[in-house]
Amino acid sequence: MRGKLPVNDDRTYTLLEGIARRENRSLLQYVRDSYPWITPDERQVLAQIQAMTAEEQQGVAELVQFLISGRRPPPYLGTFPVSFTSLSFVSLDHLIPMLAAYERQELEKLQGEINEITDPAAKQLVHKIAANKTRHLETLQSLAATHSQQVVA
């Protein structure tokens with residue numbers, strides 16, 4: 001067999017499939033297409049959020065490609081949670097704290113799953129996703145603090 005070895009550990013495959021699904025249907029990914037309401041001064045903040053969505057989407061693509069190259073079918077990614085639908089066209093001052101809280105929650109889940117992954121290459125991919133999520137959480141927390149001060153001012 002050429003290329004990578006198949007992902008033989010069903011538990012690892014199940015974890016990777018769940019991570020790909022969650023990351024692809026995260027709140028941050030929903031925001032990419034939900035058109036938050038912004039003022040002209042908030043364009044740069046929205047651009048930062050859009051850059052985060054692109055990085056997270058790249059992580060999902062790499063994870064799915066890993067599964068395919070390991071002779072596993074790509075996971076069904078499903079639809080966004082219905083609870084997200086009320087977040088279309090909301091303001092950034094409402095959305096940013098929610099994004100930070102969601103990223104924190106998802107990062108905690110991801111960190112708990114990393115130790116269960118037995119494949120070293122898969123573990124490395126998930127570590128990369130977690131590192132991006134950590135950086136995104138820090139950025140979102142900073143944006144939440146800065147943005148709330150600007151709204152009050």
Side-chain angles (χ1 to χ4, degrees), residues 1-36 38 44-92 94-147:
M1 174 175 22
R2 286 182 72 187
K4 295 182 181 179
L5 296 173
V7 179
N8 288 324
D9 178 7
D10 286 337
R11 177 66 180 144
T12 293
Y13 174 73
T14 301
L15 284 168
L16 297 178
E17 183 180 49
I19 291 167
R21 184 177 300 110
R22 278 197 329 263
E23 288 297 303
N24 195 60
R25 295 299 180 231
S26 71
L27 182 57
L28 195 57
Q29 292 303 313
Y30 183 82
V31 168
R32 177 187 64 204
D33 297 325
S34 70
Y35 306 102
I38 63 167
Q44 185 175 9
V45 173
L46 182 59
Q48 286 180 278
I49 292 171
Q50 289 169 336
M52 287 182 241
T53 65
E55 284 181 0
E56 287 198 0
Q57 191 59 43
Q58 180 62 36
V60 171
E62 290 172 7
L63 193 54
V64 169
Q65 185 57 45
F66 173 81
L67 292 171
I68 292 169
S69 71
R71 311 279 194 272
R72 290 290 191 147
Y76 172 68
L77 299 175
T79 60
F80 288 103
V82 174
S83 61
F84 290 178
T85 59
S86 63
L87 299 174
S88 295
F89 307 106
V90 298
S91 65
L92 284 182
H94 178 74
L95 192 58
I96 291 172
M98 293 177 76
L99 285 169
Y102 189 89
E103 283 292 288
R104 183 180 313 105
Q105 175 186 338
E106 291 302 309
L107 178 59
E108 289 171 4
K109 274 187 207 172
L110 200 56
Q111 289 170 333
E113 293 168 328
I114 287 175
N115 293 330
E116 297 180 50
I117 297 171
T118 57
D119 185 290
K123 190 174 274 205
Q124 183 178 359
L125 280 173
V126 176
H127 270 294
K128 181 179 175 185
I129 291 170
N132 280 341
K133 216 170 231 348
T134 299
R135 198 169 27 79
H136 296 163
L137 175 58
E138 291 168 0
T139 301
L140 287 166
Q141 289 172 329
S142 175
L143 286 173
T146 304
H147 197 70

Test Leu15 against Val126 for side chain to side chain contact (heavy atoms under 4.5 Å, CB included), laying out the working first. CA-CA 10 Å; Leu15 284 168; Val126 176; over 6 Å; no
Glu62 atom CD, over 12 foreign heavy atoms within 6.0 Å: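 Yes, because the 6.0 Å sphere around CD of Glu62 holds more than 12 heavy atoms from other groups.
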Give a yes or no on whether Lys128 atom NZ has more than 12 heavy-atom contacts from other residues, nucleotides or ligands under 6.0 Å away. no
Gap separating the [atom1] atom of [X] from the [atom2] atom of [Y], nearest 0.5 angstrom:
| X | Y | atom1 | atom2 | value |
| --- | --- | --- | --- | --- |
| His94 | Leu99 | NE2 | CG | 10.0 Å |
| Leu16 | Ile129 | CG | CD1 | 8.5 Å |
| Leu63 | Glu17 | CG | CD | 10.0 Å |
| Ile19 | Leu67 | CD1 | CG | 9.5 Å |
| Leu107 | Arg135 | CG | CZ | 12.0 Å |
| Arg32 | Ile49 | CZ | CD1 | 13.5 Å |

Is the shortest side-chain N to carboxylate O distance from Glu113 to Arg22 below 4.0 Å? yes
Could you tell me whether Glu106 and Lys133 make a salt bridge, using a distance below 4.0 angstrom between a side-chain N and a carboxylate O? no
Step by step, work out the side chain to side chain contact (heavy atoms under 4.5 Å, CB included) result for Gln141 and Glu103. CA-CA 10 Å; Gln141 289 172 329; Glu103 283 292 288; over 6 Å; no
Would you confirm whether [X], through its side chain, and [Y], through its main-chain N or O, come within 3.5 Å as a donor-acceptor pair?
| X | Y | value |
| --- | --- | --- |
| Arg21 | Tyr76 | yes |
| Ser69 | Phe66 | yes |
| Thr14 | Asp10 | yes |
| Gln29 | Thr53 | yes |
| Arg72 | Tyr13 | no |

Do you know the tightest heavy-atom contact between Ile117 and Lys123?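 Heavy atoms only, the tightest pair is O-CE, 3.0 Å.
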Taking every heavy atom of Leu137 against every heavy atom of Ala100, the minimum-distance pair comes out as CD1-O, 3.2 Å
Full working for side chain to side chain donor-acceptor pair (under 3.5 Å) between Gln48 and Gln44: CA-CA 6 Å; Gln48 286 180 278; Gln44 185 175 9; 5.5 Å; no
Validation row: Ile96, Val45 side chains within 4.5 angstrom (heavy atoms):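 Ile96 vs Val45: side chains touch.
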Decide yes or no for Leu143 and Leu92: does some side-chain heavy atom of the first lie under 4.5 Å from some side-chain heavy atom of the second? no
Are Tyr30 and Tyr102 close enough that their ring centres sit under 6.0 Å apart? no
Test side chain to side chain contact (heavy atoms under 4.5 Å, CB included) applied to Glu56 and Val60, step by step: CA-CA 6 Å; Glu56 287 198 0; Val60 171; 5.9 Å; no
